[in-house]
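See below for the structure under consideration.
Just so it is clear: chains get the letters A, B, ... in the order the sequence lines come, proteins before strands, and each one is counted from 1. All values derive from a computational prediction rather than experimental measurement.
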Amino acid sequence: MSVLMMMLIVSLSLGLAGLIFFLWGLKKGQFDDGERMMNVALFDDEDDLNEAFKREEKLKKVLKEKSAEVADSKVV
Amino acid sequence: MSKIACNHCGLEVDKSLLIEDDSDTEIHYFCCSGCQGVYHLLQSQGLDDFYAKAGKSTIRPPKERLSDASQFDSKSYQDRYVSIKDGLHEISLIIEGIHCSACVWLNEKVLYSKDGVVKAHINFTTHKAKILYDPDQIKLAEVIETIRSIGYDAFAYDSSAQEKKVNKERSTYYNRMAVAIFATMNIMWIAVAQYGGYFSSMDKDVRNMLNIAEWILATPVLFYSGWIFFRGAFYGVKNSIVNMDVLVSSGALLTYLYSIYITLRQEGEAYFDSVAMIITFVLIGKFLEVLSKKRAVDRLDSMGNDMPLEAQVLRGDEFVSLSVDKIVVGDIVELKVGQRASVDGTIIKGEGSFDEATLTGESRSIFKSLNSTILGGTLLVDGWLRYRVSKTFNNSTMALLLGLLDDALEHKPKIETLANRISEHFSSAILIVALLTFATWFFWTGNFEDSFITGISVVIIACPCALALATPLATLVGLGLGTKKGILFKEARYLETMAHIDTVVFDKTGTLTEGRPIVVNVQKHEEYDEQLLGSLLSTSAHPVSKGVFRFLSKKKLLDLELENIKNTQAKGIQAEFEGYKLLGGNESFLRENGIDVISTDLANTLFYYAVDGKHVATFELKDILKADATEAVLDLKREGKDIVILSGDNEQVCAEIAKELNIDNFFHSLTPSQKEQAIASMQRDSKKVVMVGDGVNDILALSRADIGIAMGSGSDVAVDVGDVVLMNDRLSSLVQALSIGKTTYSLIKQNLAISLVYNAITIPLAMAGLIIPLIAALSMSFSSLVVVLNSMRIRS
């Protein structure tokens with residue numbers, strides 16, 4: 001009985017974790033583009049991952065500058 | 001000679017033709033300087049990974065481009081396509097020339113390497129890119145230049161709010177379906193254990209525990225995934241309509257509550273699996289419907305393709321490019337060959353021939369000179385002129401026409417689908433039957449609990465799964481059939497409407513006919529050199545010259561160097577070649593040049609040709625019927641459809657075409673709104689009308705008709721407005737479209753019949769209280785399965 005209960009809980013929470021990651025991917029637009037999904041394996045070596053990180057940094061930096069500018073203009 | 005592949009694009013060319021490049025340590029070969037340039041660019045930026053990633057796929061060599069990118073920085077371009085987010089600019093581009101995933105990789109990489117570009121995301125499937133950039137660091141023109149520099153091309157498109165809305169709706173459906181399918185699959189394996197236990201007497205504790213697990217899993221399915229049905233039911237009840245959503249949501253909710261009661265009482269059978277299955281199946285059916293929904297017409301977008309954004313307007317002493325909405329009444333606008341007039345006005349200088357087919361459907365071009373009126377949206381095919389603006393852009397003919405479009409679309413009749421009509425009756429009937437069952441049982445037995453449960457079991461067993469899947473599955477098959485034959489149904493319900501059509505209305509120009517003059521007769525008076533005539537004609541863009549040229553170019557034509565070419569607007573052309581004097585044009589043009597014209601009995605548009613002052617040949621041109629027009633009309637008549645022609649062209653031309661096709665009912669010289677009125681009056685006689693057209697002058701009629709069918713090669717607005725598009729332009733596809741509609745409709749009827757028969761058998765059993773859970777579950781899946789299989793049958 002308790003074994004059965006444990007099995008249920010373990011398997012359902014494993015499945016739930018999968019579902020949550022799937023929904024997360026959906027939200028991030030990972031499945032918007034079927035072709036990209038199929039090809040992405042070609043572009044995930046170390047360089048590409050570093051590159052992706054740099055791109056995110058760049059976006060953050062520019063956004064920060066922009067918001068600083070807006071703040072400045074308000075002060076003026 | 002050996003063939004060697006170009007080191008950039010992979011094109012195999014003879015070695016002797018390749019450019020040898022030894023600037024590196026080893027020798028490279030290129031098919032053109034464009035490829036060479038791109039190769040070195042990639043090397044210098046350390047992007048030569050591209051070749052490894054591209055593998056064996058070949059790419060297109062870069063094109064030489066003449067147009068400069070500076071127009072992208074013009075204000076009107078920016079206003080239209082660029083959206084601003086947190087001080088950053090975002091633009092949607094379509095990138096041309098992408099063949100493989102390495103191309104996408106390269107474009108993204110190069111774009112990211114530019115300062116100021118913070119986001120570049122290219123869709124692999126559609127080749128549409130979203131680029132976010134900082135306008136202080138980089139200009140749009142520079143972004144596009146970057147893409148061009150590596151051999152691709154890009155242009156902006158209007159990513160409309162509509163597109164975003166549709167995408168959002170789809171993504172919420174994906175989420176709801178993911179949850180529903182996950183939970184239902186888990187419930188199913190638990191249910192298998194329970195059914196097993198039902199026969200081999202399971203421990204009560206175990207069964208209870210499984211019930212609770214199912215309860216937990218079914219809750220999000222009902223309230224998250226099934227939210228759509230509760231919402232639909234709410235709006236239905238508010239408008240006092242008992243729709244399918246009412247049945248689905250009330251059935252699922254009652255079952256759910258009943259199962260909770262069973263679980264807590266720890267006796268009897270819970271039906272959480274039925275709750276989850278009903279919601280999941282019906283949700284899938286609904287998703288299939290959403291998937292095939294037509295994107296609402298985005299007027300701005302369609303207008304952009306036919307209308308120029310800028311015009312040459314006189315400001316001070318010179319003509320400057322000005323955005324069309326800045327033009328005011330009284331401005332002077334210059335128009336050159338091949339340009340479209342953006343606003344209405346009157347000619348003050350110069351003359352020329354106009355192609356007004358987009359507005360009037362008139363197949364012949366119209367000559368206009370001083371003081372003639374120009375209509376916005378018409379195309380200048382030859383000549384040069386200046387005109388005074390009489391109406392602003394928003395009041396011009398073209399803009400007004402598009403304004404009327406909303407009105408016409410609003411009045412489009414919507415034929416209710418069969419499934420909707422049935423489900424309305426079905427839903428109320430089931431609810432009443434359930435109520436009666438409860439009342440009768442209570443009256444006979446006096447046991448409230450048993451009576452209540454039996455009443456609920458009627459609702460549960462009247463599972464609408466099969467009913468909900470009947471239409472979407474059938475239309476999916478119909479859409480697939482259409483796509484295979486080059487017929488694009490923009491929305492699934494048009495398949496059903498197609499089966500009710502009794503009147504087919506045709507536009508003439510471009511739909512029944514080719515839409516351009518074609519040589520039908522030649523009279524040779526003397527021998528002449530066709531090569532010379534061909535070269536003469538190639539200097540003119542007039543539709544008649546083009547028509548004769550196409551006729552001649554069936555043989556091989558050389559391009560001879562003519563001298564002293566003179567083009568007289570809307571009359572003719574003359575030139576010299578090695579002492580010969582060539583002259584071609586209409587009758588009066590030849591007479592004016594002192595040539596004796598040999599009279600002829602030919603009718604229609606005529607083109608005369610003279611060499612050294614002697615009339616040598618006459619060509620007769622006509623807008624002829626499409627090859628399969630006669631047969632298609634005959635097929636439609638055989639099926640008992642009424643056929644009508646509505647044309648903007650003059651009476652004589654229309655009468656001739658109508659006679660050739662043996663159609664008695666034709667109307668001529670109609671304006672776009674008269675066409676719409678004609679269709680509206682047919683609809684008042686309760687006819688179901690299909691309109692087939694291709695031009696801007698047909699858009700009102702297309703949107704008014706029960707189904708508007710556009711030719712794939714027609715104007716973009718017409719294709720946008722049309723409900724069905726014939727991609728191959730063939731009229732025989734029209735006949736096929738009608739028969740696909742019929743097939744689909746009979747499939748829908750079969751599917752509905754299957755689900756109703758299923759209900760006719762099981763509902764009496766439920767009323768008698770004879771349903772056991774296993775039979776309920778099995779029959780439910782079985783009915784859905786039969787509907788699926790029946791639909792698959794047609795596919796082949």
Quiz item: For A:Leu63 and B:Leu88, what are the C-alpha separation, side-chain angles and deciding distance, and is it a side chain to side chain contact (heavy atoms under 4.5 Å, CB included)?
Solution: CA-CA 8 Å; A:Leu63 280 178; B:Leu88 297 175; 3.6 Å; yes
Quiz item: What part of A:Leu19 gets closer than 4.5 Å to chain B, counting heavy atoms only: side chain, backbone, both or neither?
Solution: side chain
Quiz item: Given that the side chain runs from C-beta out, which part of A:Ile9 has a heavy atom under 4.5 Å from chain B: side chain, backbone, both or neither?
Solution: neither
Self-check item: Interface moiety of B:Val179 toward chain A, non-hydrogen atoms closer than 4.5 Å
Solution: both
Quiz prompt | Nearest-0.5 Å distance that lies between atom CG in B:Asn175 and atom NZ in A:Lys27 | solution = 9.5 Å
Quiz item: What closest approach, in Å, do A:Lys58 and B:Lys114 show between heavy atoms, and which atom pair accounts for it?
Solution: NZ-O, 2.9 Å
Exercise. Name all residues meeting the ring pair (Phe, Tyr, Trp, His ring centres under 6.0 Å) criterion together with A:Phe22; count only those two or more places apart in sequence or in a different chain, and write none if there are none.
Key: A:Phe31
Self-check item: Interchain contact, A:Leu59 with chain B, by part (heavy-atom threshold 4.5 Å)
Solution: both
Quiz prompt | Pairwise distance CG(A:Leu23) to CZ(B:Arg176) - rounded to 0.5 angstrom | solution = 11.5 Å
Self-check item: Value rounded to 0.5 Å, distance of CG in A:Leu12 from CZ in B:Phe182
Solution: 6.5 Å
Practice problem: Applying salt bridge (Lys or Arg N to Asp or Glu O under 4.0 Å), name anything that partners B:Asp205, two or more places apart in sequence or on another chain. | Solution: none
Quiz prompt | Point-to-point distance, once rounded to the nearest 0.5 Å, from CZ of A:Arg55 to CD of B:Glu108 | solution = 6.0 Å
Quiz item: Taking atom NZ of B:Lys119 and atom CD of A:Glu56, what is their separation to the nearest 0.5 Å?
Solution: 8.5 Å
Practice problem: Identify which part of A:Glu51 has an atom lying under 4.5 Å from any heavy atom of chain B, answering side chain, backbone, both or neither. | Solution: side chain
